[in-house]
Amino acid sequence: DTAVSQTPKYLVTQMGNDKSIKCEQNLGHDTMYWYKQDSKKFLKIMFSYNNKELIINETVPNRFSPKSPDKAHLNLHINSLELGDSAVYFCASSQLPGQPQETQYFGPGTRLLVL
Amino acid sequence: RKEVEQDPGPFNVPEGATVAFNCTYSNSASQSFFWYRQDCRKEPKLLMSVYSSGNEDGRFTAQLNRASQYISLLIRDSKLSDSATYLCVVKPSITGNQFYFGTGTSLTVIP
């Protein structure tokens, strides 16, 4: 019973292609996130959605477009992939949003390699 | 200046040793603090929240020093299974959704 799941786990693609990563959580959380972890292991937030509404949109190229069809799903579409997009992308959802002890639960990650 | 800074290590310690990690944060108004653990090629998982008065969970003790703007994690009696990267996480605002992660401190416990 995976709490936060992502597909695919691995994605190898050519520069210039368009790809999507899907995320689903079965925890009943209202808030979901996308993070990027680069080769130096730095984990940086990209987007946050609360109940399907965009809350956080960090300085991310507009080639990245999140979509939340419902509060259990947050997908990430990437257009015109570039070499620098190679990273691990983590989806997360959180319990008790807006509370001091808010806890984030992460998906297993999608390892994207752009050739 | 980064929101959260950690010594990347690596820390290589023998089994049974005590090891401590520190993490500094830049926003003095930060409200919530956490330690996450990330195993190699896995996702981060919450290890423990850090409370103002300090807190302990088994062999792990977390402390917060607001005056100096740092949090610490102490691991006693290190086990081989403690080998991982430990991520310091700061949430500046109680009501906001932003989390800032440090780059992590790598720990290897040696037999």
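Heavy-atom basis, side chains included; hydrogens, waters and symmetry copies ignored. In what follows, chains are A, B, ... by sequence order, proteins preceding strands, each numbered from 1. All values reported here derive from a predicted model rather than from experimental measurement.
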Is there a continuous path of hydrophobic side-chain contacts, each under 4.5 Å between heavy atoms, that joins B/Y86 to B/V13? yes
Non-hydrogen atoms of chain B under 4.5 Å away: do they reach the side chain of A/L43, the backbone, both or neither? both
Proximity breakdown for A/Q104 and chain B, heavy-atom pairs closer than 4.5 Å: both
What is the distance from atom NZ of B/K42 to atom CZ of A/F106, rounded to the nearest 0.5 Å? 15.5 Å
Is B/M48 reachable from B/L107 through a run of I, L, V, M, F, W or Y residues, each pair having side-chain heavy atoms under 4.5 Å apart? yes
Steps toward side-chain contact (heavy atoms from CB on, under 4.5 Å) verdict (B/Q38, A/F90): CA-CA 12 Å; B/Q38 186 173 23; A/F90 286 103; 3.6 Å; yes
Mark yes or no: A/K41 above the aromatic ring of B/F101, with NZ or CZ under 6.0 Å from the six-membered ring centre and no more than 45 degrees from the axis. no
In this structure, are over 12 heavy atoms from other groups packed under 6.0 Å from A/E53 atom CD? no
Residue A/Y35 versus chain B: region with a heavy atom under 4.5 Å: side chain
Is there a chain of hydrophobic side chains (I, L, V, M, F, W, Y, each step under 4.5 Å between heavy atoms) that links A/L54 to A/V60? yes
B/R41 side, atom CZ; A/K9 side, atom NZ - distance, nearest 0.5 Å: 11.0 Å
Would you give the length of the straight line joining atom NZ of B/K91 to atom OG of A/S94, rounded to the nearest 0.5 angstrom? 7.5 Å
Relative to chain A, which segment of B/Y36 carries a heavy atom at a distance below 4.5 Å: side chain, backbone, both, or neither? side chain
Hey, quick one: are A/L76 and A/Y10 part of the same hydrophobic cluster, counting side-chain heavy atoms closer than 4.5 Å, chains of contacts allowed? no
Report, as yes or no, whether the 6.0 Å neighbourhood of atom CD on B/Q63 holds more than 12 heavy atoms from other residues, nucleotides or ligands. no
Are A/V88 and A/W34 grouped together when hydrophobic residues (ILVMFWY) are joined by side-chain heavy atoms under 4.5 angstrom apart? no
